[in-house]
Amino acid sequence: MNFLLKHRLIFLGAFFGAVLGFMYYYFIGCTNGTCMITSNPINSTLYGAFMGSLLFNLFKKNISNE
């Protein structure tokens with residue numbers, strides 16, 4: 001449980017990124033299948049989760065144990 005609380009921003013970013021990635025696939029997506037990311041809902045959702053976690057990781061405070 002401590003791990004989840006410590007990295008909650010990353011998980012929150014992954015969740016929002018996954019939702020936005022799926023919404024991008026659903027509303028905009030690639031219809032002819034040539035787009036690697038947006039032609040498949042799983043790829044789009046995973047890519048969004050990854051990008052969201054990276055973005056929210058920027059706002060994480062770095063606390064050192066010195």
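For the single chain, residues carry numbers from 1 onward in sequence order. All figures in this text were calculated on a predicted structure; none of them were measured in a lab.
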Q: For Ser44 and Gly21, work out which heavy atoms get closest and say how close.
A: OG-O, 2.5 Å

Q: Might you point out which heavy atoms bring Leu9 and Phe59 nearest each other, and give the distance in Å?
A: CD1-O, 3.9 Å

Q) Phe22 vs Tyr26 aromatic rings, parallel, tilted or perpendicular, using cut-offs 30° and 60°? A) parallel

Q: Report yes or no: do Ile37 and Leu46 belong to one cluster of Ile/Leu/Val/Met/Phe/Trp/Tyr joined by side chain heavy-atom distances under 4.5 Å?
A: no

**Q.** Side-chain (Ser53) to main-chain (Phe50) donor-acceptor, under 3.5 angstrom
**A.** yes

Q. Quick one: are the ring centres of His7 and Phe11 less than 6.0 Å apart?
A. no

Q: Of all the heavy-atom pairs spanning Asn57 and Ile10, show the shortest one and how long it is.
A: OD1-CD1, 3.7 Å

Q: Go through the steps to decide whether Thr45 and Tyr25 satisfy the test side chain to side chain contact (heavy atoms under 4.5 Å, CB included), and finish with yes or no.
A: CA-CA 8 Å; Thr45 303; Tyr25 160 77; over 6 Å; no

Q. Going hydrophobic residue to hydrophobic residue with side-chain gaps under 4.5 angstrom, can you get from Phe56 over to Met23?
A. yes

Q) Do you reckon Ile42 sits in the same ILVMFWY cluster as Phe27, going by side-chain contacts under 4.5 Å, direct or chained? A) no

